[in-house]
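Quick note on labels: first sequence line is chain A, next is B, and so on, each numbered from 1.
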Amino acid sequence: MDDLAFDFAVIGAGPAGMAAAATATACGLSCVVIEEAVLPGGQAYRSPPVAFRAPKKDRDRSDGDALRNELARSGATLALGHRLWWIGERFRLATLGPDGPRTYRVTAVLVATGTTERVMPFPGWTTPGVIGLAAATILAKADGVVPGERLVVAGVGPLLPLVVAKALAAGARVEAVVDLAARYDWVRAALEGRSRPDLVARGTGWLARATFARVPWLFRHTVARVTPSGDALGVEIAPVDDEGRPTGVVGRTLAADSLCIGHGLVPTTEITRLLGARHVFRRDRGGWIAAADAFGRTSVRGLYVAGDTAGIDGAAAAPLAGRLAATAVAHDAEGSVGDPDGAEVRSLSRRRAAAVRFGRAMARLSKPRPGLLAAASADVVVCRCEDVTRAEIDAAVAAGARDVNQVKAWTRCGMGPCQGRMCGEAAAELVAMHVGGRERTGLWTGRAPLRPVPLDALIGTYEYGEIAIPKAAPL
Amino acid sequence: MKPFDCLVIGAGVMGATVALHAARGGLSTALVDRGPICREASGVNAGTLTLHMTRADLIPYAIEGWRLWTNADAWLGGDVGVVPAPGLCLAFTDDEAALLEQRSSARRAQGAPIELVDAAAARAIEPGLSAQVQLAAHCPLDGHVTAYLTGRAYRAALVEAGVTLFENMPVGGLDRAGGQFVAEVDGVAGPRGRRVVLAGGVWLEPMLGWLGVRLPIKVLVNQLAVTERLSPVMRSVLTIANGLLSLKQFDNGTVLVGGGWQGRGGRDLGGTELVPENLIGNLRLACWAVPALAKARLLRGWLGLEAETADAMPVVGPVPGVADAYVIGSVHSGYTSGPYVGRLLAQHLLDQEPERPLFPMDRLVRPLAEETAR
Amino acid sequence: MPACRDPRAFERPPFVTITVDGQPVDAVPGESLVAALMVAGRGAIGRSPRGGLPRGPFCMMGICQDCLVEVGGVRCQACLVPVQAGLDVRTVWASDG
């Protein structure tokens, strides 16, 4: 198979990737955008199907449409519905799309794969009907679907009011918001985020809708347990302290069709890990991130990061970071020394700084609460794919595993089809409790395929003689 | 720190087995590794127990190794997921059939209970087999181990036997002082021993260099891959005549594909990476053998480093010219034979006559001084 | 009460029929297959590997793998598949027997 050649590959068509591709092509680079979803937008600007008509205006949609239009006009090659499964050799990329496997040869790569949602496990979180907060926003934005008629919305951060606002608009009933944060945490976040008054106002609007609808908002509370009850869920809630640890006060149980829960966002690092970039642990930025300069240059030459992949800065900052990274890619491609300069870069940097201040205030609001996991019972399932419990992880540590990869080997935690994306944070936090911090538990080793890929699509049709079997091993 | 009777450097299955038996034999023993126990080849290999892939001259050792693995409860304790299973080695073409006949008879001559069977008989043993098979060789003494559990089982046994474990301790050199070997760790003196055993797999070449001995070690960068869980598609251990496939389904439903297709990289910093074309070739071969596999999704690929000497035979025994220094490694299909070969070296260290001959490395080395003079 | 489509959110194209484990299910072309399954009350798509307990889609963004199904015999994640008329969907648990 011949490699398709481009100057620049952008992985992920979210806000950072879309803006980066548009900027790069404007700088004269040939650019391919590889995106697993069939439409560009990412999660923040997730768009409904083309055939859906929206009667109401929505700012997320109009912001997303602006970037989508810019991308469509840019001349960048779009590989939508294509799954990147391997990257190496600085840089070749292997993808699998509707028309089969493809390989690319590029000089520079921007990783703009965004985040996954952190969900700290609790008894019953694997029950059908329990979904992520981000998942609830996707159902609302892309499909206009609410996960049930009666919802409990729980966790922490700005997705709470967003999900509540969307659910109320759809006519659902929100039984309660179960918020790890205290009221003053929100006030502080709004003050810290005032560099973007428009975004603060928008969040305040969502909160006002919840208040107007008399949604009970339980600050400093968590979901202690979920039990199936007929077609519905029993959601047991309990008060917690600032660290997320239950105070011991017995809570009550709410009935709901669905529980939407999330504990903040985690940067996706599988590509930068696979390529051996240097990473640093920054709890305030969401956890492990690839070490990078202001333009997103990582420790691997030609490898760049932008958007929440590079540390949680929020959707407003992402396109600006993407444009700055693309500027650096174009600059570096010409062998120029030093940082790109000029009025455009200074303007981008200034606007990004304002958006980042807001984004980081939201990230601080959503900071991981270690007490949540400390209080988790031994039988809690940590790894959904392999049914690995906390007790099994604790036992592996007691048997001498000191890092996350040895725990993975000894328990199968993270060996299932999600490849550790759902359990990785919780498992690492559990190990960290024993060995003294996340830095000491190490990074999960990056592996290809980056996502599960069907064998039949990968191997295609072939005759035996076409398999290039190497020469025989010695007898 | 008091010197140990025996300082073993390299905590893979070779080093760990030597340390285990040395300690049980009464020697004070330390086991040192730059990383966690059994996280290189011993933890990431395919876990294939098969005589079909074993070098003919090593068959007697591998049979003893198979017995030890399938009886791990008795001497190791802990669960390493050992499953005895029939092994089939396949031929899809006339050339492969000829190769299979020749190789099977060479292995049979060394004591492997391998019989040629026709395609129908092979499919009776393995109903998942494709209709493309022309000829197969059957060995009842095959099976598989869950390699990633190796370290957990060994670690418990080593602790129980009183071995002092130093994990995540990178040894950078060896000094001789007062009749002892002193491991240099981060530029300072670390653990010391009256005798030293080097068991560093592909890193044996630089380790022997610490002692002024040059032994070129070729590094094989073996690719492996595993699927997600799927309902049973096979129940045997499959290989092909030229050795470039190993295939098995574990009890949990995942299917592991190996066979030594090469990735990129080596033992130096910078690591290794998969070669996608070689992965696809390996998977095509696997699906050619078991067509139902094609429905699965590939979940994870990785690489394991295998050491090979110039004659592809092991080095197990004293280091020539350096009193009280020993080496163990480069055992082809070493994971299968490891528990046995390690025990043989421990017997030697305990002044017992090893049950079978060791593999002296004299045949392969010249002192560094002579190398330099050339 | 399972998940439901908010009629006010979008003007949608007319329903089409897909097949889920041999039974006809109404769905909207273009919407994600996972949404169609949830609205049809078929959210408990999977089973946990060791306990055999029901599992449902969790992330809706291609991460969690709890919406794994076979569409036309190919394993894929329902959250990444847009609905079109005539999709033949089998839950993996059902097809594994």
Side-chain angles (χ1 to χ4, degrees), chain A residues 1 85-90 92-94 101 103 274-276 385-386 395-396 399-403 405-406 408-412 414-420 440 442 445-449 451-475, chain B residues 36-37 39 43 53 55-56 92-93 99 102-103 106-107 132 148-149 151-152 155-156 159 165 167-168 226-229 240-244 252 254 260-262 264 270-271 273-281 283-288 293-302 308 312 332:
Chain A
M1 192 181 347
W85 66 269
W86 174 85
I87 178 168
E89 289 179 52
R90 264 192 44 211
R92 278 182 77 220
L93 298 83
T103 55
L274 182 65
L275 289 171
C385 298
E386 293 290 324
R402 312 311 286 171
D403 70 289
N405 294 301
Q406 190 72 297
K408 175 178 171 179
W410 291 3
T411 63
R412 289 190 62 79
M415 279 199 197
C418 91
Q419 302 171 311
R440 300 175 80 166
T445 305
R447 298 283 189 216
R451 290 277 204 278
V453 281
L455 255 59
D456 47 10
L458 209 53
I459 62 179
T461 53
Y462 59 96
E463 290 302 320
Y464 189 67
E466 294 171 57
I467 309 174
I469 305 176
K471 72 177 177 62
L475 172 65
Chain B
I37 186 169
R39 287 291 303 153
M53 303 246 273
R55 295 211 64 194
F92 296 111
T93 65
L99 187 66
Q102 178 227 335
R103 294 195 151 197
R107 291 185 170 113
Q132 309 284 345
Y148 54 73
L149 294 175
R152 187 169 190 166
R155 198 178 193 284
V159 169
L165 261 174
E167 292 175 88
N168 302 306
V226 71
T227 70
E228 65 189 339
R229 295 170 186 257
I240 63 163
N242 77 348
L244 269 294
N252 60 29
T254 62
W261 290 62
Q262 293 296 288
R264 195 174 285 104
E273 61 181 18
L274 286 168
V275 173
E277 287 76 9
N278 289 354
L279 178 64
I280 290 170
L283 295 172
R284 284 181 159 187
L285 197 49
C287 294
W288 197 265
L293 201 55
K295 198 176 168 174
R297 292 187 307 167
L298 179 69
L299 211 54
R300 188 165 51 255
W302 67 98
E308 195 175 274
H332 197 260

Give, as side chain, backbone, both or neither, the part of B:Arg39 having an atom under 4.5 angstrom from any heavy atom of chain A. side chain
Region of A:Ile467 in contact with chain B, defined by heavy-atom distances below 4.5 Å: side chain
Where does A:Trp410 contact chain B at under 4.5 Å (heavy atoms): side chain, backbone, both or neither? both
Is B:Arg300 close to chain A through its backbone or its side chain, or both, or neither, when contacts mean heavy atoms under 4.5 Å? both
Between A:Ala468 and chain B, with a heavy-atom cut-off of 4.5 Å, which part of the residue counts as in contact: side chain, backbone, both or neither? backbone
Is B:Leu244 close to chain A through its backbone or its side chain, or both, or neither, when contacts mean heavy atoms under 4.5 Å? side chain
Between B:Ala156 and chain A, with a heavy-atom cut-off of 4.5 Å, which part of the residue counts as in contact: side chain, backbone, both or neither? neither
Could you tell me which portion of A:Asp403 (side chain, backbone, both or neither) has an atom closer than 4.5 angstrom to a non-hydrogen atom of chain B? side chain
Residues two or more places apart in sequence or in another chain: which of them pass side chain to side chain donor-acceptor pair (under 3.5 Å) with B:Glu308? none
Once you round to the nearest 0.5 Å, how far does CZ of A:Arg440 lie from CG of B:Asn168? 10.5 Å
Top contributor to chain A contacts, counting heavy-atom pairs under 4.5 Å, from B:Gly43, B:Ala241, B:Gly151: B:Gly151
Which bit of A:Ala457 comes within less than 4.5 Å of chain B, counting heavy atoms only: side chain, backbone, both or neither? neither
Does any heavy atom of chain A fall under 4.5 Å from the side chain of B:Leu293, the backbone, both, or neither of them? both
How long is the span from the CG atom in B:Leu274 to the CG atom in A:Leu274, to the nearest 0.5 Å? 8.0 Å
Structural part of B:Asn278 lying under 4.5 Å from a heavy atom of chain A: neither
State plainly whether the residues B:Arg264 and A:Glu89 are in salt-bridge range, i.e. N to O under 4.0 Å. yes
The interface call for A:Lys408 against chain B, heavy-atom contacts under 4.5 Å, is side chain
Among A:Leu458, A:Val453, A:Thr445, which residue has the highest count of heavy-atom pairs closer than 4.5 Å to chain B? A:Val453
With B:Gln262 via side chain to side chain donor-acceptor pair (under 3.5 Å) - residues at least two apart: B:Asn222
Note: A:Arg92-B:Glu277 ion pair, threshold 4.0 Å (strictly below): yes
